[in-house]
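Okay, structure first, notes after.
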2 protein chains.
Amino acid sequence: MSPIAPVPVALIGLGGVGKAILSQLLTPPLASKFNVVLIANSRLALSLPAATGEAVTAANFLPTLEAQGKPYDVPSIVKLLASHADGKGVLIDSTGSDDVPAQYPAILAAGVHVVTPNKKGLSGTQQLYSDIQAASFPNTRSLLYGESTVGAGLPILSTLKDLVGTGDEIVKIEGVFSGTLSYIFNEYSKVEGGDVKFSDVVLIAKDKGYTEPDPRDDLSGTDVARKLTILSRLIPGTPVLAEGCFSVPTQSLVPPVLENASTKDEYLQRLAEGDEYFAALREEARKEGKVVRYVGVIDPKAGKVECKLGKYDFDHPFATALKGSDNIISFTTKRYSPQPLLVQGAGAGADVTAMGCTSDLLRIYERLRTVA
Amino acid sequence: MSPIAPVPVALIGLGGVGKAILSQLLTPPLASKFNVVLIANSRLALSLPAATGEAVTAANFLPTLEAQGKPYDVPSIVKLLASHADGKGVLIDSTGSDDVPAQYPAILAAGVHVVTPNKKGLSGTQQLYSDIQAASFPNTRSLLYGESTVGAGLPILSTLKDLVGTGDEIVKIEGVFSGTLSYIFNEYSKVEGGDVKFSDVVLIAKDKGYTEPDPRDDLSGTDVARKLTILSRLIPGTPVLAEGCFSVPTQSLVPPVLENASTKDEYLQRLAEGDEYFAALREEARKEGKVVRYVGVIDPKAGKVECKLGKYDFDHPFATALKGSDNIISFTTKRYSPQPLLVQGAGAGADVTAMGCTSDLLRIYERLRTVA
């Protein structure tokens, strides 16, 4: 058999995750399977190999991109990938933008495959989601994967697709989906006491780089709502979420007393004003022998998808097994009951998020190269 | 686009798992993707649709198979699958035999794909394993999947393949891989005391149908050694296991005093003679604040693959999180450390084992039907 041609790939978005994807793609064992033909940040795109002749790496690309890069638009990159000599290629959308996801239907319609850690497309409006579905397999030959949008590199979407695809019945999905909120509540509400203040924990999390620059972006629960939207849409019979994540009932962790803080700085300065609110929640749970966790829950039979503070018994896995900023996701199904199928581990971070994307790329490689 | 043709499938082996596979294949959502063209038990094969015209189901196949079935050999079934009008098909080997796995290289060489819950092939001699590899993707276009050989429907092999395939480095894999031994030790060695006898726990497990008819088949550790062999062979740099599972150092749980029991009945009658041995192990662990678990461990750097009794702290997930006959598998890697990636849930049972096979079939369906 002749050697299998590498699959052409273009990578848009070169933040922490994008750089980690580039690094994995340029290193064995992936380097022989993929051909990175273009990289781009928000302003400039660079075709590879670069004119300098020097090999571009995840560590050294910036000067070359700045020197040789050119302004670009996504349709030109799609054209490049659609007409590659080795067959249609893959666009990796590692941006955080809304603009690129809005173009997924057109990209897929051009026969170009999409891999993305960007939650905006799959958790956006039902209209966009339907358009993406209509433009991808099995409705067309184009593939779209977003494993890393939930749980980063953890096998969450693939597991759910297998359960549903083989005819299991989802009874309940419940989990701690935010690494930031996992860390905050693991530190704040422990089985074995401690009386740390909520504001202190948030500030420590911020110092460690676990939160967004404005912690309210995590504490709003929107990130968890995005992940639930993506999961929920894979389960037959769940409610239609017309406005995507914004249709998911989502409890905010910005306490009532702080809702009127108008700037990030004011919010951070006044953070301690919320301590009483959270102390009361913790105390109430402790009296019941429980800890507090911020969870996402999908209950198809009850037609419920929601993000909220939940209370869990001291011996529940969400109380005992969870450490650091780990995610834990529990699938209770007809087959997996009374004990659920559990997946746990780091749910954020550049390397593991990149791994979610590169394992999607492996899946595409296998699909495209099985029958050549 | 014209409708996608279903993939032809032949199923050999109609025990508990085989029946559950048949049931899943004949039910939506799988029924539209696969065409079951033949079923066979150890003696007879029946081509479908059957001549009676009545639809064969997992519940009613037996009388039809007995009435219309014919003695068969595997090569004839392979010929049928290799020349099907809808393209080359899949053979599901749901037997427990050594004979069918010995034919995998020939089956794959004929272009027929293989899905199997039978551990014998992938955990057999290195020679057979190499022959299977040489005859399958990426060395040929033929696909072989055995997800359910480890952890039944849990995403274990697929997770390991993704970790290795995207360039992560396996530091350690450690787990409770046997549902039977999980149940026995979860009951026998608890964080919160209890002085149940080992022989009593084994007999209860036997009564519940958790053990093989001769419990020594579980207590020998060979089943765990088979699973470790299959995992280990996916990790670059691990020791070559020339004789497969028989090359894995494996601690037997048949205590020294019972090694001379020559029959199952004698063994079961004398079971209590081993109680002192296990009580001493439990007591020793408890003094150290630990519980006893039967685990498989792979440590590529140390070149170690072994099955043994291990002791785990009272707050270790193997001590606290494990329930019933669940499996738990922990992947510590360069990316997933210090906290490991954990997968937990039912690791045995007909429905979840069948699901491991049918999710493999989905993978094959997607690969064959992406580019038609």
Side-chain angles (χ1 to χ4, degrees), chain A residues 1 4 23-24 27-30 137-141 143 153-155 158-159 161-168 236 315 317 320-321 323-326 328 331 334-336 338-346 349 351-352 354-359 361-364 366-372, chain B residues 1 4 23-24 27-30 137-141 143 153-155 158-159 161-168 236 315 317 320-321 323-326 328 331 334-336 338-346 349 351-352 354-359 361-364 366-372:
Chain A
M1 206 171 72
I4 302 176
S23 169
Q24 290 179 21
T27 312
L30 292 171
F137 187 86
N139 300 304
T140 72
R141 300 296 188 200
L143 305 171
L154 299 175
S158 55
T159 297
K161 284 178 190 170
D162 282 345
L163 291 165
V164 170
T166 62
D168 203 355
D315 67 349
T320 56
K323 280 181 192 157
S325 57
D326 274 7
I328 185 167
F331 300 89
K334 199 173 165 196
R335 290 179 199 142
Y336 288 96
Q339 255 110 258
L341 190 169
L342 284 171
V343 180
Q344 181 181 344
D351 282 344
V352 293
M355 174 196 154
C357 297
T358 51
S359 59
L361 282 167
L362 272 183
R363 214 78 70 224
I364 291 182
E366 289 171 351
R367 289 177 69 163
L368 297 182
R369 296 306 185 241
T370 299
V371 181
Chain B
M1 207 171 73
I4 303 177
S23 170
Q24 291 179 20
T27 313
L30 292 171
F137 186 86
N139 299 303
T140 72
R141 301 295 187 200
L143 305 170
L154 299 175
S158 54
T159 297
K161 283 177 191 169
D162 281 345
L163 291 165
V164 170
T166 62
D168 202 356
D315 66 349
T320 56
K323 279 183 192 153
S325 59
D326 274 6
I328 184 167
F331 299 89
K334 198 173 165 195
R335 290 180 200 142
Y336 288 97
Q339 256 109 260
L341 190 170
L342 284 171
V343 180
Q344 181 182 342
D351 282 345
V352 292
M355 173 196 155
C357 297
T358 51
S359 59
L361 282 166
L362 272 183
R363 214 78 69 224
I364 290 181
E366 289 171 351
R367 289 177 69 162
L368 297 182
R369 295 305 184 243
T370 300
V371 182

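In this text, all values refer to a predicted model and were calculated from it rather than measured experimentally. Note on naming: letters A, B, ... go to the chains in the order of the sequence lines (proteins, then strands), and numbering restarts at 1 for each one.
- Counting heavy-atom pairs under 4.5 Å between each of Val164(B), Thr358(B), Asp168(B) and chain A puts Thr358(B) at the top.
- Thr159(B) and Pro155(A) make their closest contact through OG1-CG, 3.5 Å (heavy atoms, listed as atom of the first residue, atom of the second, distance).
- The minimum heavy-atom distance linking Gly167(A) with Pro29(B) is given by the pair CA-CD, 3.6 Å.
- Inter-residue side-chain proximity for Asp315(A) and Thr320(B) is flagged as unmet; no heavy-atom pair is nearer than 4.5 Å.
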### Task
Dump the intermediate steps for side chain to side chain contact (heavy atoms under 4.5 Å, CB included) on Leu163(B) and Met355(A), then the final yes or no.
CA-CA 8 Å; Leu163(B) 291 165; Met355(A) 174 196 154; 3.5 Å; yes
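- Residue Thr27(B): no heavy atom, backbone or side chain, is found under 4.5 Å from chain A.
- The two residues Gln24(B) and Thr166(A) come nearest to each other via the heavy atoms OE1-O, 3.9 Å.
- Under a 3.5 Å cut-off, the side chain of Gln339(A) and the backbone N or O of Lys323(B) do form a donor-acceptor pair.
- Contact tally against chain A (heavy-atom pairs below 4.5 Å) for Leu154(B), Leu342(B), Ile328(B): the top residue is Leu342(B).
- Residue Leu361(B) does not touch chain A at all, counting heavy-atom pairs closer than 4.5 Å.
- At a threshold of 4.0 Å, the pair Arg363(B)-Asp162(A) counts as salt-bridged, since one of the basic side-chain nitrogens sits closer than that to a carboxylate oxygen.
- The shortest non-hydrogen separation linking Arg335(A) to Asp351(B) is CD-O, 3.9 Å.
- Pro317(B) does not touch chain A: none of its heavy atoms, backbone or side chain, sits under 4.5 Å away.
- Using a distance-only test at 3.5 Å, with no hydrogens or angles considered, no donor-acceptor pair links the side chain of Arg369(B) to the main chain of Pro138(A).
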### Task
Apply side chain to side chain contact (heavy atoms under 4.5 Å, CB included) to Leu362(A) and Lys161(B), showing your working.
CA-CA 10 Å; Leu362(A) 272 183; Lys161(B) 283 177 191 169; over 6 Å; no
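- The OG1 atom of Thr370(B) sits 7.5 Å away from atom CZ of Arg141(A), with the distance rounded to the nearest 0.5 Å.
- Across Ile4(A) and Phe137(B), no two heavy atoms sit closer than the pair CD1-CE1, 4.5 Å.
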